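Right, one structure below, let's go through it.
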Amino acid sequence: MSGDGAVPEVDVWAPLRRTTQARIGLGRAGNALPSQRVLEFKAAHSAARDAVHVPLDVEALAAELEPLGLGRPLHVQSRASSRSEYLRRPDLGRAPDDLSALPATDADVGIVLADGLSPRALADHGAGLLAALIDEFGDRFRLAPPVIATEARVALGDHIGAALGVTTLLMVIGERPGLSVADSLGIYLTHHPKPGRTDADRNCISNIHPPDGLGYEAAAHIAGALVAGARQLGRSGVALKDTSRAREIVEGA
């Protein structure tokens, strides 16, 4: 108790707020939110809008990826000619403009790094995640040259995977930004990719954005287990389950 007899105000939300990025216990200033909370919301909203609209710097990303050992990344663009058209016409983001530069590789795994709905996420985390995937796969699988895809939706990877001739495709793509996270990546895995595959044919690893989200190594470990499982099962999607943590669960029982 303070010297004037007043009971000090305790922020009962503080311990819970440290465990989540959700906006909880924002407080009140009369009938409105405190100014600090309003400004935080506006900053998060601006970051989310920028994450969607600011285009990917392809050359800068390619320069980061080239030293990782898979060669100079190739570049594919969808039929969406601009960021504005991409957002208005999702169908154009699912089809390629030109795949003639892609070689037929017959590799085990192809990796596409796509801007998706958050080019910022790919710029922030693409190189780190690709490095972790390369380390995870090691000598187990033959990897195709990486492909950077712009104005891309997930299904664009089916066309790219078929052109590369890979057995399994990993589509690393910027996820839709929210008011808590604007730079999250997802990985969509498709075994035997070809045009016409549906979401039921894919497996997804989402929320990749260290340090607050899934880390690069953890995401790569799950991807490695799913690729191995898809090769054993002969397909991906609803029939394929993530067993990467099965041993940890058994040992911890």
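Everything quoted here is computed from the prediction, not taken from an experiment.
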Distance in Å, [X] [atom1] paired with [Y] [atom2], rounded so as to fall on 0.5 Å steps:
| X | Y | atom1 | atom2 | answer |
| --- | --- | --- | --- | --- |
| I187 | L133 | CD1 | CG | 5.0 Å |
| L143 | T168 | CG | OG1 | 11.0 Å |
| S81 | E151 | OG | CD | 8.5 Å |
| M171 | R153 | CE | CZ | 11.0 Å |

Verify, without hydrogens or angle tests, whether [X] (side chain) and [Y] (backbone) share a donor-acceptor contact under 3.5 angstrom.
| X | Y | value |
| --- | --- | --- |
| D201 | T198 | yes |
| Y188 | I205 | no |
| E217 | A220 | no |
| H125 | D183 | yes |
| N203 | L240 | yes |
| T105 | L164 | yes |

Under 4.5 Å between any side-chain heavy atoms of [X] and [Y], yes or no?
| X | Y | answer |
| --- | --- | --- |
| I148 | L74 | no |
| P119 | V54 | no |
| V58 | T150 | yes |
| V52 | S118 | no |
| R83 | D115 | yes |
| V112 | L169 | yes |
| I111 | V147 | no |
| R231 | F141 | yes |

Residues that E66 engages under side-chain hydrogen bond (donor to acceptor under 3.5 Å, both in side chains), provided they are two or more places apart: R72
Residues R79, D97: salt bridge by 4.0 Å N-O rule: no
Lys/Arg N to Asp/Glu carboxylate O, D108 vs R140, below 4.0 Å: no
Cation-pi check, R142 onto F137 ring (under 6.0 Å, within 45° of axis): no
Criterion side chain to side chain contact (heavy atoms under 4.5 Å, CB included) on L129 and L185, from CA distance to verdict: CA-CA 9 Å; L129 181 55; L185 285 178; 4.0 Å; yes
Distance-only donor-acceptor check, side chains H192 and T167, under 3.5 Å: no
T190 and R202 side chains, donor-acceptor separation under 3.5 Å: yes
Atom of V166, atom of V109 and distance for their closest heavy-atom approach: CG1-C, 4.0 Å
Shortest non-hydrogen contact from L65 toward P73: CB-CG, 3.7 Å
Stepwise side chain to side chain contact (heavy atoms under 4.5 Å, CB included) test for L117 and E175: CA-CA 6 Å; L117 287 168; E175 296 183 311; over 6 Å; no
Working for side chain to side chain contact (heavy atoms under 4.5 Å, CB included), residues D158 and R197: CA-CA 7 Å; D158 297 332; R197 291 294 192 193; 3.5 Å; yes
Results of salt bridge (charged side-chain N to carboxylate O under 4.0 Å, His left out) for D91 - residues two or more places apart only: R89
